[in-house]
Engineer: 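Quick one: the structure is below, and I'll ask about it shortly.
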Amino acid sequence: MQQTPDYWNNTYFDDTYFRNGEPEKVKGYATDVWFNEAIKYVQRTKEEPFFLYLPLNAAHSPFNVPEEYAKMYEDAPLTDVQKRFYGMITNIDENFGKLVSFLKDEKLFDNTIIIFTTDNGTAAGIAKNKDGSVSGYNAGLRGTKGSHYDGGHKVPFYISWPDGDIEKGAVSNELVANVDLLPTLTRMAGVPFESKKPLDGTDMTSVLTAQAKDSERMLVIDTQRGQWPEKGKNSCVMSTEWRLIDGAELYNTVTDSGQKNDVASEHPDIVQKMQTFYDSWWTSIEPEMRYAEIPIGHKEANPVTITVHDMHTTDNIPWNQVQIRQGEYAPNGYYSINILEDGDYEFKLYRYPPESGLSLNAASDEIMASSTVDELPVGRSIVLERAEVQLGDVTLKEKADENRPYVQLEGNLKKGSYELHSDFFTVEGSRVPAYYIVIGKKVNL
């Protein structure tokens, strides 16, 4: 998806992926590659019970797609981006059909639990045009990806298991969420499971078998898109029938799926009940709020690569490789790391990712756009003079060599938790964060 941690210059076509931690360049369009790998996996494991989780990077920006799929929609009343987006979805549909056909050919379909779902509402499926018109389809829902209205998070969930006793050919409006998958699937598959901590999810087998309904159940959707949670921000409390938005707006989504009619004033008892649930939920999670630490020095993961995507900050972070190339974002923040053992450690600070081979002050090459593939612009040259790393009371400094891809700093560190700051500085003294950092414990052979 060309995000900061993605392999440099991936475009969805003939990309480099990691297989068991090792980079491997693979021919083909991303979605085709992933489904082909899925089929190969099932072929290898079909004699035993198998589990296949296939999360796709499409359909996601950049909306790069084989031209023949975009052309399918060339006469549709859609924007150019939407034509590519719907082309990506059509490609997914075809590949999913190939996977199902393969399972049927191998006589695996009837006794395999198959689920198709998505992770959020549409990103480009609906658009407001300059003339005020709307193009595309969003099932009449309010909001799109990132919204706490239903258009941001209400998604399809299809499940098939012919040999199982789930209801066949049925549609249910019961409230089911991703948190329910673990307790439900372990029960359905007969896998012993006992949670070590309380789960938000519930075993929904009785709903899938049409033996029970639970209209009183409530869950919280939180779409703050920030690093540290704030109580009440962009909150949605859900039940099968109701949505409480921001603790103030109430919608009956059975009769008003587009969330157009706020009925909070007509049902203060429901508002209070759902807000009480939210308050209780928040109280239960608040003690667990903390930044996860990145372990450094573990023998199974040494060295470790960190990207600016991992930084804790309130500033804008360059989350994709276009922004890395532009070099305009300079967030001021830190990384939460845990040094596992006392010892000597080395830090390699990069402006570009290690696999790019680009020197510190280089301007990266441009990858030209086509009708169905977005451009990757020329990277801006930044003249870096020195680098600095801070961890607690330890400060490491080193001059930069513009002809090398990184600056290496070394120091002796004590075991413990640290806030890591890692930056470059220009001749003028301006601070530029190291977008990529490779940290390793030095091992004496």
Side-chain angles (χ1 to χ4, degrees), residues 1-44 52-70 84-85 87-88 91-92 94-95 98-99 119 294 300-311 317-327 348-360 362-380 404-406 434-440:
M1 296 190 293
Q2 291 178 357
Q3 295 197 8
T4 308
D6 194 9
Y7 202 87
W8 188 246
N9 286 346
N10 274 356
T11 63
Y12 291 173
F13 295 92
D14 301 337
D15 286 345
T16 299
Y17 307 107
F18 287 91
R19 190 189 297 273
N20 299 324
E22 295 298 323
E24 178 181 325
K25 191 168 182 63
V26 181
K27 296 285 289 183
Y29 181 63
T31 305
D32 299 336
V33 169
W34 290 117
F35 273 95
N36 289 339
E37 289 293 326
I39 289 173
K40 291 177 185 177
Y41 166 75
V42 176
Q43 285 175 326
R44 294 194 305 268
L52 169 64
Y53 173 52
L54 182 58
L56 304 171
N57 50 348
H60 189 285
S61 64
F63 300 116
N64 296 341
V65 67
E67 189 173 357
E68 64 265 29
Y69 288 95
R84 292 160 63 174
F85 179 71
M88 296 174 93
N91 177 266
I92 292 171
E94 287 187 4
N95 274 292
K98 291 177 183 176
L99 177 60
D119 59 342
I294 300 171
E300 300 297 333
N302 188 42
V304 169
T305 300
I306 298 175
T307 81
V308 70
H309 220 134
D310 302 307
M311 180 184 284
I317 289 177
W319 60 270
N320 67 52
Q321 292 182 11
V322 171
Q323 295 162 331
I324 294 294
R325 288 165 172 266
Q326 293 166 337
K348 294 180 180 178
L349 274 57
Y350 294 78
R351 187 273 168 98
Y352 295 105
E355 69 270 14
S356 72
L358 293 167
S359 61
L360 286 169
S364 62
D365 292 337
E366 177 184 22
I367 294 182
M368 300 297 293
S370 70
S371 61
T372 58
V373 179
D374 288 343
E375 172 194 48
L376 281 171
V378 174
R380 181 168 69 98
R404 299 189 67 191
Y406 60 86
Y435 292 149
Y436 298 84
I437 314 151
V438 178
I439 312 173

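The first residue of the sequence shown is numbered 1, and numbering continues consecutively from there. Every heavy atom of this structure was used, including side-chain atoms; hydrogens, water molecules and symmetry mates were not. Because the structure is a prediction, the values reported are computed rather than measured.
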Engineer: Kindly give the heavy-atom pair with the smallest separation between P303 and G440, and that separation in Å.
Structural biologist: CB-CA, 3.8 Å
Engineer: Taking side chain to side chain contact (heavy atoms under 4.5 Å, CB included) as the test, write out the residues that go with V304, two or more places apart.
Structural biologist: I294, I296, A301, I306
Engineer: Would you say F35 and L56 make side-chain contact, with heavy atoms under 4.5 Å?
Structural biologist: yes
Engineer: Mind checking the CG-OH spacing from N91 to Y29? Nearest 0.5 Å is all I need.
Structural biologist: 5.5 Å
Engineer: Excluding sequence neighbours, so at least two apart, what forms side chain to side chain contact (heavy atoms under 4.5 Å, CB included) with Q326?
Structural biologist: V322, Q323, E328
Engineer: Can you list, pair by pair, the side-chain donor-acceptor contacts under 3.5 Å of residues 60-67, counting residues two or more places apart and other chains?
Structural biologist:
unit_1	atom_1	unit_2	atom_2	d
H60	NE2	K145	NZ	3.3
N64	OD1	R84	NH2	3.1
N64	OD1	D374	N	2.8
N64	ND2	T11	O	3.1

Engineer: Applying side chain to side chain donor-acceptor pair (under 3.5 Å), can you list everything that pairs with D6, at least two apart in sequence or on another chain?
Structural biologist: N10
Engineer: Going by the rule side chain to side chain contact (heavy atoms under 4.5 Å, CB included), which residues pair with T4 if we only count those two or more places apart in sequence or in a different chain?
Structural biologist: T307, V308, H309, I324, Y436
Engineer: Is the shortest side-chain heavy-atom distance between V42 and L52 below 4.5 Å?
Structural biologist: yes
Engineer: Closest approach of W8 and S356, non-hydrogen atoms and distance?
Structural biologist: CD1-CB, 3.4 Å
Engineer: How about Q321 and Q3: do any of their side-chain heavy atoms sit closer than 4.5 Å?
Structural biologist: no
Engineer: Go through the structure and list residues passing side chain to side chain donor-acceptor pair (under 3.5 Å) with N9, not counting sequence neighbours.
Structural biologist: R325
Engineer: Can you tell me how far apart OG (S370) and CZ (F13) are? Round to the nearest 0.5 Å.
Structural biologist: 7.0 Å
Engineer: For I39, give me all partners under side chain to side chain contact (heavy atoms under 4.5 Å, CB included), at least two apart in sequence or on another chain.
Structural biologist: Q43, L99, F102
Engineer: Tell me every residue that passes ring-ring contact (aromatic ring centres under 6.0 Å, His included) with Y435, counting only those two or more places apart in sequence or in another chain.
Structural biologist: none
Engineer: side-chain contact (heavy atoms from CB on, under 4.5 Å), that's the test. Do I437 and Y406 meet it? Break it down for me.
Structural biologist: CA-CA 9 Å; I437 314 151; Y406 60 86; over 6 Å; no
Engineer: Could you list all the salt bridge (Lys or Arg N to Asp or Glu O under 4.0 Å) pairs where at least one residue sits in residues 350-359, not counting sequence neighbours?
Structural biologist: none
Engineer: I'd like to know whether D15 forms a side-chain contact (heavy atoms from CB on, under 4.5 Å) with Y7, so could you lay out the CA-CA distance, the side-chain angles of the two residues, the decisive distance to 0.1 Å, and finally the verdict.
Structural biologist: CA-CA 8 Å; D15 286 345; Y7 202 87; over 6 Å; no
Engineer: What heavy-atom pair brings P377 and S364 nearest, and what distance separates the two atoms?
Structural biologist: O-OG, 4.3 Å
Engineer: Is any side-chain heavy atom of M88 less than 4.5 Å from a side-chain heavy atom of Y12?
Structural biologist: yes
Engineer: Please, which pairs that meet salt bridge (Lys or Arg N to Asp or Glu O under 4.0 Å) have at least one residue in residues 19-30, sequence neighbours excluded?
Structural biologist: D14-K27, R19-E24, R19-E37
Engineer: Would you name the heavy atoms of A59 and F85 that are closest together and state the gap between them?
Structural biologist: CB-CE1, 3.7 Å
Engineer: Of all residues at least two apart in sequence or in a different chain, which pass the side chain to side chain donor-acceptor pair (under 3.5 Å) check with E94?
Structural biologist: Y69
Engineer: Not counting sequence neighbours, which residues clear side chain to side chain donor-acceptor pair (under 3.5 Å) with R380? List them please.
Structural biologist: none
Engineer: Can you give me the closest heavy-atom contact between I92 and A58, atom names plus distance?
Structural biologist: CD1-O, 3.4 Å
Engineer: Are side-chain N/O atoms of N36 and D32 paired as donor and acceptor at under 3.5 Å?
Structural biologist: no
Engineer: Answer yes or no: is there a donor N or O on one side and an acceptor on the other, between the side chain of Y352 and the main chain of A362, under 3.5 Å?
Structural biologist: yes
